[in-house]
Amino acid sequence: ISGENFHSDQSCAEIPPLGSILYNQIVPPDGGGDTMFASMYDAYDALSDRMKAYLDGLTATHDGTRVFGPGTPVSSHPVVITHPESGRKALYVNVDFTSHIDDLPAEEGRRVLAFLIDHSVKPEWSFRFRWEPHSIAFWDNRCTQHKAVWDYWPAVRAGYRIQIEGIAAPVA
């Protein structure tokens, strides 16, 4: 299984996918295999004003080799992005791809990143999508994280995913 940690698809790319569409034609017969989503708008909004000010202007390295191995992109993006359509701010770090916060001392950066990763996936801004045969989920990778719930072995969950090309790198 892939995607069992909360993440934003391909955040390691210079221009990450704008969104993703997942169609599951086969789902476990007795349930399970759901997908969790977390709102990065809500995660950002719940931060204190002091933390928001601290994070303003920081960037983080998103390293694809952590998940996919050599030859995968490594890029830096703002820790807080402004969504190009809504104008709302959102956290843009995740456990799978974000290796460190740039330009901070190593220990400080590790602790801030750990806090942000834990904070970003709290139940208060998470939602569980329960798959049915032939369901389709469509999400915006710029303001959402997701993860596959790996609770259906030995049953099968299978389908197709399409990633929608991004139009610009995330902006602060």
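Excluded from the calculations below are hydrogen atoms, water molecules and symmetry mates; all remaining heavy atoms, backbone and side chain alike, are included. Computed from a prediction, not measured in an experiment: that's the story for all the values here.
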Worksheet entry | Closest non-hydrogen atom pair, S76 against T61 | OG-OG1, 3.3 Å
Discussion item. Is there a path of hydrophobic side-chain contacts, each under 4.5 Å between heavy atoms, that joins W150 and V27?
Written reply: no
Practice prompt. Locate the shortest heavy-atom distance separating A60 from V93; write the atom from each residue and the value.
Written response: CB-CG1, 4.3 Å
Worksheet item: When hydrophobic residues are tied together by side-chain contacts of less than 4.5 Å, even through go-betweens, does I26 share a cluster with Y160?
Response: no
Worksheet item: Which hydrophobic side chains are connected to I81, either touching it within the sub-4.5 Å cutoff or through other members that do?
Response: Y92
Discussion item. Are R128 and T35 packed together at the side-chain level, in the sense that at least one heavy-atom pair is separated by less than 4.5 angstrom?
Written reply: no
Practice prompt. Not counting sequence neighbours, which residues clear ring pair (Phe, Tyr, Trp, His ring centres under 6.0 Å) with F127? List them please.
Written response: none
Discussion item. Applying ring-ring contact (aromatic ring centres under 6.0 Å, His included) as the test, list every pair that has at least one member in residues 18-40; sequence neighbours left out.
Written reply: Y23-H134, F37-W139
Item to complete: For H83, check side-chain hydrogen bond (donor to acceptor under 3.5 Å, both in side chains) against everything at least two apart and list the hits.
Response: D140, R142
Can you list, pair by pair, the side-chain donor-acceptor contacts under 3.5 Å of residues 12-22, counting residues two or more places apart and other chains?
unit_1	atom_1	unit_2	atom_2	d
S20	OG	D9	OD2	2.6
S20	OG	N141	ND2	2.9

Practice prompt. Kindly give the heavy-atom pair with the smallest separation between V95 and R66, and that separation in Å.
Written response: O-NH2, 2.8 Å
Discussion item. Can you tell me how the ring of H146 sits relative to the ring of H7, calling it parallel under 30°, perpendicular over 60° and tilted otherwise?
Written reply: tilted
Discussion item. Would you say that F129 contacts S135 through its side chain, given a criterion of any heavy-atom pair below 4.5 Å between the two side chains?
Written reply: yes
Worksheet item: Can you name the residues that form a side-chain hydrogen bond (donor to acceptor under 3.5 Å, both in side chains) with S11, not counting sequence neighbours?
Response: H62, N94
Worksheet item: Any salt bridge (Lys or Arg N to Asp or Glu O under 4.0 Å) pairs touching residues 37-65, not counting sequence neighbours?
Response: D45-R88
Worksheet entry | Test ring pair (Phe, Tyr, Trp, His ring centres under 6.0 Å) applied to H119 and W125, Y44, F6, the passing residue | W125
Discussion item. Can you list everything that forms a side-chain hydrogen bond (donor to acceptor under 3.5 Å, both in side chains) with H77? Sequence neighbours excluded, please.
Written reply: none
Discussion item. One thing to verify: whether R157 and D30 come together as a salt bridge, which I'm taking to mean a side-chain N less than 4.0 angstrom from a carboxylate O.
Written reply: no
Worksheet entry | By side-chain hydrogen bond (donor to acceptor under 3.5 Å, both in side chains) - contacts of S86 (at least two apart) | Y41
Practice prompt. Apply side chain to side chain contact (heavy atoms under 4.5 Å, CB included) to L55 and L47, showing your working.
Written response: CA-CA 10 Å; L55 297 175; L47 293 171; 3.8 Å; yes
Fill in: Cluster check M40, M36: I/L/V/M/F/W/Y, side chain < 4.5 angstrom
no
Could you go through residues 110-118 and list every donor-acceptor pair under 3.5 Å that involves a side-chain atom there, pairing it with any protein atom two or more places apart or in another chain?
unit_1	atom_1	unit_2	atom_2	d
R110	NE	E107	OE1	3.4
R110	NH2	E107	OE1	2.6
R111	NE	E107	OE2	2.5
R111	NH2	E107	OE2	3.1

Item to complete: Identify the heavy atoms of S120 and L91 that sit nearest to each other, and give their distance.
Response: CB-CD1, 4.2 Å
Worksheet item: Sub-3.5 Å donor-acceptor pair from the side chain of D151 to the main-chain atoms of G33, do we have one?
Response: yes
Practice prompt. List for me each residue that meets side chain to side chain contact (heavy atoms under 4.5 Å, CB included) alongside L104, sequence neighbours excluded, and say none if there are none.
Written response: Y54, L58, I101, E108
Worksheet item: Regarding D102 and T59, is there a side-chain donor-to-acceptor distance under 3.5 Å anywhere?
Response: yes
Response to the item:
residues 163-172 vs salt bridge (Lys or Arg N to Asp or Glu O under 4.0 Å), sequence neighbours excluded, gives none
Fill in: Rounded distance (nearest 0.5 Å) linking atom CH2 of W131 with atom CG of D34
9.5 Å
